[in-house]
Amino acid sequence: MMEPTHDEAHGGALGSRLNWLRAAVLGANDGIVSTAGLVVGVAGATQDRAALLTAGLAGLLAGSMSMAAGEYVSVSTQRDSERAALAMEKRELREQPEAELLELTGLLEERGLSREVAREAAEQLTERDALRAHARVELGIDPDELTNPWHAAWASFLAFTVGALLPLLAIVLPPPAWRLPVTVLSVLGALVFTGWSSARLGSAAPKRAVLRNVAGGALAMAVTYAAGSLLGAAGV
């Protein structure tokens with residue numbers, strides 16, 4: 001009889017996956033709201049398809065590039081900090097091995113191990129790979145899985161682009177009389193989904209997250225549409 005397999009993700013792998021999913025959902029949400037606000041605002045001033053398409057594409061490209069650049073800078077800083085912490089830990093292990101062993105023992109003791117067991121575990125971990133042990137237990141870093149700024153930048157770029165495509169297509173594809181209602185309804189529906197998804201990924205109550213998301217998106221579209229209508233009426 002075949003023994004059952006156990007493929008469930010645990011610890012850092014699961015946490016990393018959830019963080020990526022949450023970042024993708026939030027990036028898509030930003031793309032939806034910002035682009036919807038932009039194209040709805042332009043729609044308040046004009047129904048010209050070329051103007052709407054130009055504004056939507058400009059918002060999509062500017063937003064996606066801004067998200068990607070910001071994420072790259074942010075994650076690069078995090079990666080530099082992780083590397084600096086690992087380098088410092090490596091130097092301390094070389095210069096003060098006994099002090100580092102005592103430190104690791106204390107950290108394991110704080111996690112619920114007895115003094116004797118913690119000491120034995122620290123010694124075994126140190127013999128196997130001292131830097132890896134301290135990186136994981138003391139710093140919370142996996143030396144083999146340092147954050148990658150390029151992965152983060154591309155993920156943010158794609159997530160924002162996918163989200164921004166919805167209001168862009170919704171405002172330019174339907175006939176003029178249907179553009180605004182189709183865009184508003186499709187955007188609100190998408191915000192319900194992203195609000196629910198972000199809440200589920202964070203193990204929070206979906207109802208409140210969905211209401212906040214929809215209210216924020218609706219307010220953004222209302223404000224930009226009003227501004228566009230006033231500018232259009234003024235002939236600007």
Side-chain angles (χ1 to χ4, degrees), residues 7-31 34 61-164 194 197-204 209:
D7 297 326
E8 182 182 356
H10 291 281
L14 179 59
S16 177
R17 187 180 305 171
L18 289 177
N19 285 336
W20 278 106
L21 288 172
R22 190 177 294 111
V25 170
L26 294 177
N29 193 80
D30 286 345
S34 60
L61 292 172
S64 60
M65 293 299 294
S66 176
M67 287 282 291
E71 195 69 14
Y72 179 84
V73 171
S74 174
V75 175
S76 292
T77 301
Q78 179 183 344
R79 187 182 179 92
D80 291 343
S81 298
E82 291 173 343
R83 285 176 168 170
L86 289 173
M88 180 180 294
E89 196 64 38
K90 188 175 182 179
R91 183 173 64 252
E92 290 175 349
L93 285 168
R94 184 176 62 251
E95 297 174 355
Q96 310 170 53
E98 186 59 33
E100 289 298 300
L101 180 60
L102 290 174
E103 182 180 33
L104 183 58
T105 301
L107 291 169
L108 293 173
E109 212 176 341
E110 290 175 2
R111 297 191 175 192
L113 298 181
S114 67
R115 181 68 179 178
E116 294 75 16
V117 173
R119 176 72 182 198
E120 182 179 353
E123 289 175 349
Q124 291 184 14
L125 289 171
T126 299
E127 289 176 5
R128 183 176 301 174
D129 192 327
L131 180 60
R132 185 182 303 278
H134 281 266
R136 289 180 172 176
V137 178
E138 180 182 347
L139 305 175
I141 298 173
D142 187 341
D144 296 328
E145 294 185 11
L146 296 182
T147 50
N148 189 315
W150 285 109
H151 289 173
W154 277 111
S156 294
F157 178 88
L158 292 174
F160 188 97
T161 299
V162 170
T194 56
S197 299
S198 62
R200 295 298 296 174
L201 289 169
S203 300

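Positions are given from 1, in the same order as the sequence printed here. Everything quoted here is computed from the prediction, not taken from an experiment.
A ring-ring contact (aromatic ring centres under 6.0 Å, His included) check over residues 74-97, counting only residues at least two apart or in different chains, returns nothing. The ring-ring contact (aromatic ring centres under 6.0 Å, His included) contacts involving residues 118-146 comprise nothing, where partners must be two or more places apart or lie in separate chains. Residue pairs meeting the ring-ring contact (aromatic ring centres under 6.0 Å, His included) criterion with at least one member in residues 64-111, sequence neighbours excluded: Tyr72-Trp150.
Contacts of Glu109 classified as salt bridge (Lys or Arg N to Asp or Glu O under 4.0 Å), with partners at least two apart in sequence or in another chain: Arg115. Every side chain to side chain donor-acceptor pair (under 3.5 Å) that Glu123 has, sequence neighbours left out, goes to Arg119. By the salt bridge (Lys or Arg N to Asp or Glu O under 4.0 Å) test, Glu127 pairs with no residue at all, sequence neighbours left out. Annotation: salt bridge (Lys or Arg N to Asp or Glu O under 4.0 Å) contacts of Asp80 (sequence neighbours excluded): none. Thr194 meets the side-chain contact (heavy atoms from CB on, under 4.5 Å) test with Val25, Asn29, Ile32, Leu191, Asn213; sequence neighbours excluded. Applying the side-chain contact (heavy atoms from CB on, under 4.5 Å) criterion to Leu158, with sequence neighbours excluded, gives no partner residue. With sequence neighbours left out, Glu92 forms a salt bridge (Lys or Arg N to Asp or Glu O under 4.0 Å) with no residue at all. Take Arg83 and apply the side-chain contact (heavy atoms from CB on, under 4.5 Å) test, not counting sequence neighbours, and it matches Arg79, Leu146. Residues that satisfy the side-chain contact (heavy atoms from CB on, under 4.5 Å) test with Arg111, not counting sequence neighbours, are Val137.
When side chains are defined from C-beta on, Phe160 does not count as touching Ser66, because their heavy atoms never get closer than 4.5 Å.
No donor-acceptor distance shorter than 3.5 angstrom exists from the side chain of Ser74 to the backbone of Gly70, with no hydrogens or angles considered.
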